[in-house]
Amino acid sequence: MTVRSIRGMNDILPHAVQAWRQLETQFRDICELHGYGEVRLPVVEKTELFHRTIGDTTDIVEKEMYSFVDKGGDALTLRPEGTAATARAFLEHNAGAEEPVTKWFYMGSMYRRERPARGRYRQFHQIGAECFGDPSPYADAELMALACAYLKSLGLHQLEVRINSLGSSSARTAYLSVLKEYFQAHRGSLSEDSLRRLESNPMRILDSKSPEDQALLAQAPRLSQYLSEEDTDHFKTVQSCMDSLGLAYVIDPHLVRGLDYYSRTLFEVHDCTDALGAQSAVCGGGRYDGLIPLLGGKPTPAVGFAMGLERLLALMPDSPSARTPTVFVVSRSPSARREALQISSNLRALGFSVDGDYRGTSVKSQMRRASKSGATWVVFATDGDQNVIEIKNMEQGEQHTVATEQLPQVISGQRPPNSSTE
RNA sequence: GUGGGUGUAGCUCAGGUGGUUAGAGCGUCUGGUUGUGGCCCAGAAGGUCGGGGGUUCAAGUCUCCUCACUCACCCCA
C-alpha cells in the first residue's frame, strides 16, 4: 500500500490554488482598506492557552484537539482556531500599550480532529479579523461591514447576516439560571441531545434543530428581556449602524455561542443556497470582552470574526486555471532542444512566461501542447541560423520570421512582425 | 462520536439473477505522407475492480471485517 494523506487533511493542487489565492489576496486587500494589519502566528501553542480560552468542557477541547507532549515535556496543541493565539500575541507584545486600538487579521490552517464532511476537514483554513481596545458598537458595525464587503467582493450574494446580543456577562448569568430552570421544569419533553446540552451547555438548546424542542423553544424566556439598559443601547446602535450602512440583517434570538467569554454582539453569516448542506455558516463572530482577562490581561474590549475558506470555496464558481504562458517554444528536432532552452531562458529573463516541451516528441505533438497551454505565441527553435527566428501567432494562425533581437518587442506587441511566411 | 449511502482506468461512469483475455467517453501518447495546433479519423498506453478474510469448481458481482469518501445528526466557522 502506498502512503496516503491523513484523513481530513487534503492536498491542494495547482488548478485549485488559483481560487485559494483569490480568497486570500481579496481578504488582505479588504482588511487593509479597513485599517487592519496582518499577523502570522505559530501553528503550535501551549495546550493551556486553549484550555483557558475555549474552556475545558467544549467539544473542541475535550475531544477534537491534536495535543501532544514534545520531547522537552511541554504539553502542546495544533491550533484549533485563531482567536486564542491572536489574543495571546496581543498580550505578549503588549500591543495595547502602543496604540489604543489594535486591529489585526490572520489567515492560516487550523486543526480539529472532527469527522470530515463537506466544508469541514481536520486541517482547515480560516481567515479572521480581531479588533482590541474599542468597546463601542461602531467597532462591531465596522467589523461586520468588513466581513460583508469581503463576501460581496467574492461575488457571494445569497447570504444572510444574523445578529443577536448576549449582553454583558452579568445579564447572561442571570438569564442562564432562568433558562436552566425552565428547561429543567420541562425536561420530559426535551430531545435526547438537548437533555445532554442541559448539563453541558444549556444555551445551545436554543439553536437546537430537533423538532421536539421547537414548541418548548417558542415559549422559552428571551435573553433580550434580561439585557441591561447599556446592553440594549449598545445593540440598538449596532442595528442602526447596519441600517445606515445599508447592510441587511435579521435578528436571531436563538443565535448563541457556547463559550463564556462572548458578550453583547454576536453574528453569523449563512449561505442561503443548499450548496453547503448543514454547514451553512460561512462566518461567525462577535464581541468577546471577557477573553483577555482569561489570559491574565487587564479588561480589554474586543470584537472579531472568523471564516472558513473551505466553505467559501464551495460557494465560489469554478474559476479556470490561469497558468497560461505567453510563449511556447517548439523544438523542430531533438537536437534543437538546447537552443529551445536558451531561447526560453532569454525570454524569461525579460519577464515573459515561457513553457516548452523537451521530451523530444514530434512537432505535431508539441504544437498540440502549445495550443492546449493557451500560449499566444509559438517560437520555433532550430539548429540553423540563430539571427532570425520563426514565430507563430496561435490566435491568428499567422507565421512570421523575425530578427532574433526583435523577438521580445514582437511578442510583447510593441512591434508588428514584418514578414510573413504563410 | 451515532446512523445511512458510495468506492471499477488520471477524471466521469457502464458492467440483470456470480461464469471465459473487465468496457465507454474525456484526458494522455503516437500517427493520418516529405517540419506546425485547435475540428475530424486511426492506433496505443493505462485497472492486483479501495484493502483484507470467507462462501464457491468459479466473485467486480454474495458475505464479514477494515479503510476512504459522502449525507444527516452531533459540534462548529
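Convention: sequence-line order gives letters A, B, ...; per-chain numbering from 1.
Taking atom P in both B:G4 and B:A22, the straight-line distance is 35 Å, to the nearest Å. For B:C13 and B:U6, the C1' atoms lie 13 Å apart once the distance is rounded to whole Å. For the P atom pair drawn from B:C49 and B:C62, the interatomic distance equals 15 Å after rounding to whole Å. The separation of B:G50 from B:G60, taken at their C1' atoms, amounts to 12 Å, rounded to a whole angstrom. When the C1' atom is compared between B:U66 and B:G7, the two are found 13 Å apart, to the nearest whole Å. Across the P atoms, B:U48 and B:G23 are found 15 Å apart, a figure rounded to whole Å.
You'll find that the side chain of A:Lys364 is closest to B:U36, out of B:U36, B:C29, B:A77. Closest to the side chain of A:Arg196, out of B:C74, B:C76, B:U36, is B:C74. Looking at the side chain of A:Glu390, the nearest of the listed nucleotides B:U36, B:A77, B:U70 is B:U36. You'll find that the side chain of A:Glu114 is closest to B:A77, out of B:C73, B:A77, B:G38. Comparing B:A77, B:C76, B:U36 by their nearest atom to the side chain of A:Arg204 picks out B:C76.
For A:Ser362, no side-chain nitrogen or oxygen approaches OP1 or OP2 of B:U36 to under 4.0 Å. At the phosphate of B:C75, OP1 or OP2 sits under 4.0 Å from a side-chain N or O atom of A:Arg197. One finds no side-chain N or O of A:Arg112 lying less than 4.0 angstrom from the OP1 or OP2 phosphate oxygen of B:C76. A sub-4.0 Å separation between OP1 or OP2 of B:U30 and a side-chain N or O of A:Thr361 is present.
Look at A:Phe305 and the base of B:A77; the rings do not stack under the cut-offs of 5.5 Å between centres and 30° between planes.
In this structure, B:U2 and B:A72 make a Watson-Crick or G-U wobble pair, each of the two defining distances being under 3.5 angstrom. With both pairing distances under 3.5 Å, B:A77 is matched to nothing as a Watson-Crick or G-U wobble pair. The nucleotide B:G60 finds no pairing partner, because no Watson-Crick or G-U wobble arrangement with both distances shorter than 3.5 Å includes it.
Nearest-nucleotide positions on RNA chain B place A:Arg122 closer to the 5' end than the other of A:Arg359 and A:Arg122. Mapped onto RNA chain B by nearest heavy atom, A:Asp207 and A:Met367 fall at different nucleotides, with A:Met367 at the one closer to the 5' end.
The base of B:G27 is not paired with the side chain of A:Arg368 by any donor and acceptor separated by under 3.5 Å. Judged by distance alone with a 3.5 Å cut-off, no donor-acceptor contact links the side chain of A:Gln366 to the base of B:U36. Within 3.5 Å, no donor on the side chain of A:Lys372 pairs with an acceptor on the base of B:G27, nor the reverse. A:Arg115 contributes a side-chain N or O that forms a donor-acceptor pair with the base of B:U2 under 3.5 Å. Scanning atom types as modelled, one donor and one acceptor separated by under 3.5 angstrom connect the side chain of A:Arg120 and the base of B:C74.
Inspection of the A:Ser191 and A:Asp193 side chains reveals no N or O donor paired with an N or O acceptor under 3.5 Å.
Between A:Asp140 and A:Arg287 there is a salt bridge, with a side-chain nitrogen of the basic residue lying less than 4.0 Å from a carboxylate oxygen of the acidic one.
In this structure, the ring of A:Tyr226 has its center less than 6.0 angstrom from the ring center of A:Tyr175.
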